[in-house]
Asker: 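Below is the structure I would like to discuss, written out as structure tokens.
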Amino acid sequence: MKRRLKRNFYLQPTLTVSKKLLGKYLVHRTKKGIISGKIVETEAYIGPQDKASHSFGGKVTPRNLAEYMEGGHIYIYLVYGMYWQLNISTAGQGKGECVLIRALEPTEGIQQMIKNRPKAKKRHDLANGPGKLCQALGFNKRHYGVDTVKNKEVWLEDRGQNFKKSDIIASRRIGIDYAEEWAKKPWRFYIKGSPFVSKL
DNA sequence: AGAGTGATCATG
DNA sequence: ATGATCACTCTC
């Protein structure tokens, strides 16, 4: 059973979407074939009050525009001059909220992932970080603003797996120490015991 | 623990 | 036009 996630999924509260995204599949149809992975780690960004969010204070720039799109669109950007970060916008148009996809368990197209990430030594190194999974699946600027509800190349999919609350760990988000008290919010979620998460 | 990397944004 | 910043990864 494979079912593409529809608009309503992304219009739920951002923290709900962040948790429900665990166990869903991120799929990229490329010229070299399908590359996909099961989502095992996410983070919620809930601007404009969330100091860690790019939409903090209601700021709008050319870069963060996609964070304000209607739920289900891709907000992708470059950090540290090297690494793409894939987010999915949530809430209605005009709301600066999104979910960062932080780690995947590789499923399809593993040979292609290995070619895309020659430095990865093991299967669990292929996509266990936000920059790594974009390399592995081949995501970059050309996916900016893409609507995953309708696009023919990129989408998210339910394959019938659901987790109990006790299978999900909530902890503080990574790499946002500048966000003061917001850095402490337990808005990073991952599947308990998964060897494919970015950090413990 | 430290370096690398360059687009983006605020400032002037 | 310039300089600081950065939701990371790799190598030591």
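Throughout, protein chains are lettered first and strands after them, A, B, ... in sequence-line order, and every chain is numbered starting at 1.
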Asker: Look at the side chain of A:Ile174 and decide which nucleotide, out of C:dT9, C:dC8, C:dA7, has an atom nearest to it.
Answerer: C:dC8
Asker: Is A:Arg63 touching bases, backbone alone, or none of the nucleic acid, heavy atoms closer than 4.0 Å?
Answerer: sugar-phosphate
Asker: Rounded to the nearest angstrom, tell me the gap between atom CZ in A:Phe56 and atom P in C:dC6.
Answerer: 13 Å
Asker: Can you find a donor-acceptor N/O pair under 3.5 angstrom joining the side chain of A:Tyr77 to the base of C:dA7?
Answerer: yes
Asker: Between the side chains of A:Lys19 and A:Asp167, is the shortest nitrogen-to-carboxylate-oxygen separation below 4.0 Å, so that they form an ion pair?
Answerer: no
Asker: At 4.0 Å (heavy atoms only), tell me whether A:Arg117 reaches a base, stays on the sugar-phosphate, or touches nothing.
Answerer: sugar-phosphate
Asker: Taking atom types as modelled, is there a side-chain donor on A:Glu43 or A:Tyr45 under 3.5 Å from an acceptor on the other?
Answerer: yes
Asker: Consider the side chain of A:Lys119, meaning its heavy atoms from C-beta on, and name the nucleotide among C:dA7, B:dC9, C:dC10 that approaches it most closely.
Answerer: C:dC10
Asker: Nearest to the side chain of A:Arg102 - C:dC8, B:dT8, B:dT5?
Answerer: C:dC8
Asker: Can you check the A:Lys59 NZ to B:dT8 P distance for me, whole Å?
Answerer: 13 Å
Asker: Rounded to whole Å, how long is the line connecting atom CD1 of A:Ile76 with atom P of B:dA7?
Answerer: 16 Å
Asker: Between atom OH in A:Tyr144 and atom P in B:dA7, what is the gap in whole Å?
Answerer: 16 Å
Asker: Measure centre to centre between the rings of A:His28 and A:Phe139, then say whether the value is under 6.0 Å.
Answerer: yes
Asker: Does CD belonging to A:Gln93 count more than 12 external heavy atoms closer than 6.0 Å?
Answerer: no
Asker: Touch check for A:Glu43, heavy atoms < 4.0 angstrom, all strands: base, sugar-phosphate only, or nothing?
Answerer: nothing
Asker: Counting heavy atoms from C-beta on, name the nucleotide in B:dC9, C:dA7, C:dC8 closest to the side chain of A:Asn87.
Answerer: C:dA7
Asker: Is A:Lys132 paired with A:Glu41 through a side-chain N to carboxylate O contact shorter than 4.0 Å?
Answerer: no
Asker: Closer to the 5' end of DNA chain C via nearest nucleotide, is it A:Tyr178 or A:Gln135?
Answerer: A:Tyr178
Asker: Identify whether any heavy atom of A:Lys199 sits under 4.0 Å from a base atom; if not, whether one sits that close to sugar-phosphate; answer base, sugar-phosphate or nothing.
Answerer: nothing
Asker: Nearest to the side chain of A:Tyr83 - B:dT8, C:dA7, C:dT9?
Answerer: C:dT9
Asker: Tell me: OH of A:Tyr80 to C1' of B:dG2, nearest whole Å?
Answerer: 13 Å
Asker: For a quick test of reading the model: is some side-chain N or O of A:Thr61 closer than 4.0 Å to OP1 or OP2 of B:dC9?
Answerer: yes
Asker: With the side chain of A:Leu78 defined as its heavy atoms from C-beta on, choose the nearest nucleotide among B:dA7, C:dC10, C:dA7.
Answerer: B:dA7
Asker: Rounded off to whole Å, could you give me the CE-to-C1' distance for the A:Met82 and C:dA7 pair?
Answerer: 15 Å
Asker: Can a cation-pi geometry be assigned to A:Lys141 and A:Tyr144, taking NZ or CZ under 6.0 Å from the six-membered ring centre and within 45° of the ring axis?
Answerer: yes
Asker: Quick one: look up who B:dT8 pairs with, Watson-Crick or G-U, both distances under 3.5 Å, and put none if it's unpaired.
Answerer: C:dA4
Asker: Between A:Asn64 (CG) and C:dA7 (P), how many Å, whole number?
Answerer: 12 Å
Asker: In this structure, how many angstroms lie between the P atom of C:dC6 and the CH2 atom of A:Trp84, rounded?
Answerer: 18 Å
Asker: Give A:Lys141 one of three labels, base, sugar-phosphate or nothing, depending on what nucleic acid heavy atoms sit under 4.0 Å from its own.
Answerer: sugar-phosphate
